Trainee: 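One structure follows; several queries about it will come next.
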Amino acid sequence: MIYLDVDDLNARFWTCELSYKNDDGEAVVLSDSQKLVENQPDEEIDATQPYVRWTIEPGASVQKVNAGPHMFRSVGTAYLQVFVPKGMGTGPAVDLVDSFHNHFRKYRSEDTCLRVLGTDQRKGNDKKSHMVVALFTYESHRS
């Protein structure tokens with residue numbers, strides 16, 4: 001069951017057009033080469049440009065009572081770490097977080113088993129970059 005949630009969220013992530021405004025006010029779409037997944041090494045990243053790291057952390061899964069045989073409620077959290085080189089300011093990070101949240105806010109899977117409950121963001125700590133962590137909690141009900 002958990003793999004269905006992870007597969008669904010990963011598929012949704014890869015359709016997300018993460019973008020930010022450059023110094024000239026032009027929209028720049030983050031290329032797939034600037035998107036890391038889980039513990040993927042970052043050797044191929046162009047650290048002079050913004051990049052992100054996507055992680056899904058499944059949580060508890062509890063059998064539901066009076067909901068049919070073998071029905072489980074699962075919860076989890078998905079994270080997007082946004083890294084912007086210090087010389088670029090924080091504007092691109094804000095834009096990337098906004099586009100991420102807009103893509104996932106109110107999301108419900110096509111099979112209606114999974115839904116996003118809420119979004120949040122936190123400032124992170126990184127020596128070379130401004131870092132913001134965008135996140136959302138989700139739940140699913142599957143048998």
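Residues: numbered from 1 along the sequence shown. Just so it is clear, the structure is predicted and the values come from calculations on it, not from any experiment.
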Trainee: Of all the heavy-atom pairs spanning W14 and K35, show the shortest one and how long it is.
Mentor: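 Closest heavy-atom pair between W14 and K35: CZ3-CD, 3.8 Å.
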Trainee: Just wondering, do E44 and Y51 contact through their side chains at under 4.5 Å, heavy atoms?
Mentor: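 A side-chain contact under 4.5 Å is absent here.
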Trainee: Are L135 and V82 in one and the same hydrophobic cluster, where Ile, Leu, Val, Met, Phe, Trp and Tyr link if side-chain heavy atoms are under 4.5 Å apart?
Mentor: no
Trainee: Kindly assign one of parallel, tilted or perpendicular to the pair F136 and W54, based on the angle between their ring planes and the thresholds 30° and 60°.
Mentor: tilted
Trainee: Can you tell me how the ring of Y107 sits relative to the ring of F104, calling it parallel under 30°, perpendicular over 60° and tilted otherwise?
Mentor: perpendicular
Trainee: Rounded to the nearest 0.5 Å, what separation is found between the CG atom of L96 and the NZ atom of K21?
Mentor: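 Reported value, rounded in 0.5 Å steps: 11.5 Å.
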Trainee: Are V132 and F83 connected, step by step, through hydrophobic side chains (Ile, Leu, Val, Met, Phe, Trp, Tyr) whose heavy atoms are closer than 4.5 Å?
Mentor: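 The answer is no; the residues belong to distinct hydrophobic clusters.
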Trainee: Is there a donor-acceptor pair closer than 3.5 Å between any side-chain N or O of Q81 and the backbone N or O of M131?
Mentor: no
Trainee: Are V133 and L36 joined in one hydrophobic group, where the rule is that I, L, V, M, F, W and Y side chains link up if heavy atoms are under 4.5 Å apart?
Mentor: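 V133 clusters together with L36.
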Trainee: Counting distance only, does the side-chain N/O of D8 pair as donor-acceptor with the main-chain N or O of L4 below 3.5 Å?
Mentor: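 Looks like no, no N/O pair under 3.5 Å.
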Trainee: Could you tell me whether the side chain of R142 and the main chain of L114 form a donor-acceptor pair under 3.5 Å?
Mentor: no
Trainee: Find out whether D5 and S74 are in side-chain contact, i.e. whether some heavy atom of one side chain is under 4.5 Å from a heavy atom of the other.
Mentor: yes
Trainee: Considering non-hydrogen atoms only, spot the tightest contact between D46 and T48 and give its length.
Mentor: OD1-OG1, 2.5 Å
Trainee: Between E139 (side chain) and R73 (backbone), is there a donor-acceptor pair under 3.5 Å?
Mentor: no
Trainee: Could you tell me whether a side-chain N or O of D42 sits under 3.5 Å from a main-chain N or O of I45, the two making a donor and an acceptor?
Mentor: no
Trainee: Which atom names give the shortest non-hydrogen contact between P85 and H130, and what distance separates them?
Mentor: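 Nearest pair, atom of P85 first, then H130: O-CD2, 4.0 Å.
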Trainee: How long is the span from the CD atom in Q40 to the OG1 atom in T55, to the nearest 0.5 Å?
Mentor: 10.5 Å
Trainee: Roughly how far, to the nearest 0.5 Å, is the CD atom of Q49 from the CD atom of Q34?
Mentor: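 Reported value, rounded in 0.5 Å steps: 7.0 Å.
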Trainee: So, for A134 and F100, which heavy atoms are closest and what is the spacing to 0.1 Å?
Mentor: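 Looking at all heavy atoms of both residues, the closest pair is CB-CD2, 3.6 Å.
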Trainee: Check D98, V28, L80, D95 against L18 for a side-chain contact (heavy atoms from CB on, under 4.5 Å) and give me the one that passes.
Mentor: L80
Trainee: Is there a donor-acceptor contact under 3.5 Å from the side chain of D111 to the main chain of C113?
Mentor: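 Between the backbone of C113 and the side chain of D111 there is a qualifying donor-acceptor contact (under 3.5 Å).
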Trainee: Could you tell me whether the side chain of Y138 reaches within less than 4.5 Å of the side chain of P58, counting heavy atoms only?
Mentor: yes
Trainee: Hey, could you give me the CG/OG1 distance between L117 and T77, rounded to the nearest 0.5 Å?
Mentor: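 Reported value, rounded in 0.5 Å steps: 9.5 Å.
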Trainee: Taking Y79's backbone N and O only, do any of them form a donor-acceptor pair with R53's side chain (distance below 3.5 Å, no angle check)?
Mentor: no
Trainee: List the atom of K86, the atom of S129, and the distance in Å for their closest heavy-atom pair.
Mentor: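 That would be CE-O, 3.7 Å.
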Trainee: Using only atom types and a distance under 3.5 Å, with no angle test, would you say the side chain of E38 pairs donor to acceptor with the backbone of I56?
Mentor: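 Looks like yes, one N/O pair under 3.5 Å.
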Trainee: Do V116 and V6 land in one hydrophobic cluster if side-chain heavy atoms of ILVMFWY residues count as linked below 4.5 Å?
Mentor: yes
Trainee: Can you give me the closest heavy-atom contact between M71 and S143, atom names plus distance?
Mentor: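 Nearest pair, atom of M71 first, then S143: SD-N, 3.8 Å.
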Trainee: Is it true that, when you exclude E17 itself, more than 12 heavy atoms of the residues, nucleotides or ligands shown sit nearer than 6.0 Å to its CD?
Mentor: no
Trainee: Can you measure from SG (C16) to NE2 (H101) and round to the nearest 0.5 angstrom?
Mentor: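 Nearest 0.5 Å value for the SG-NE2 distance: 10.5 Å.
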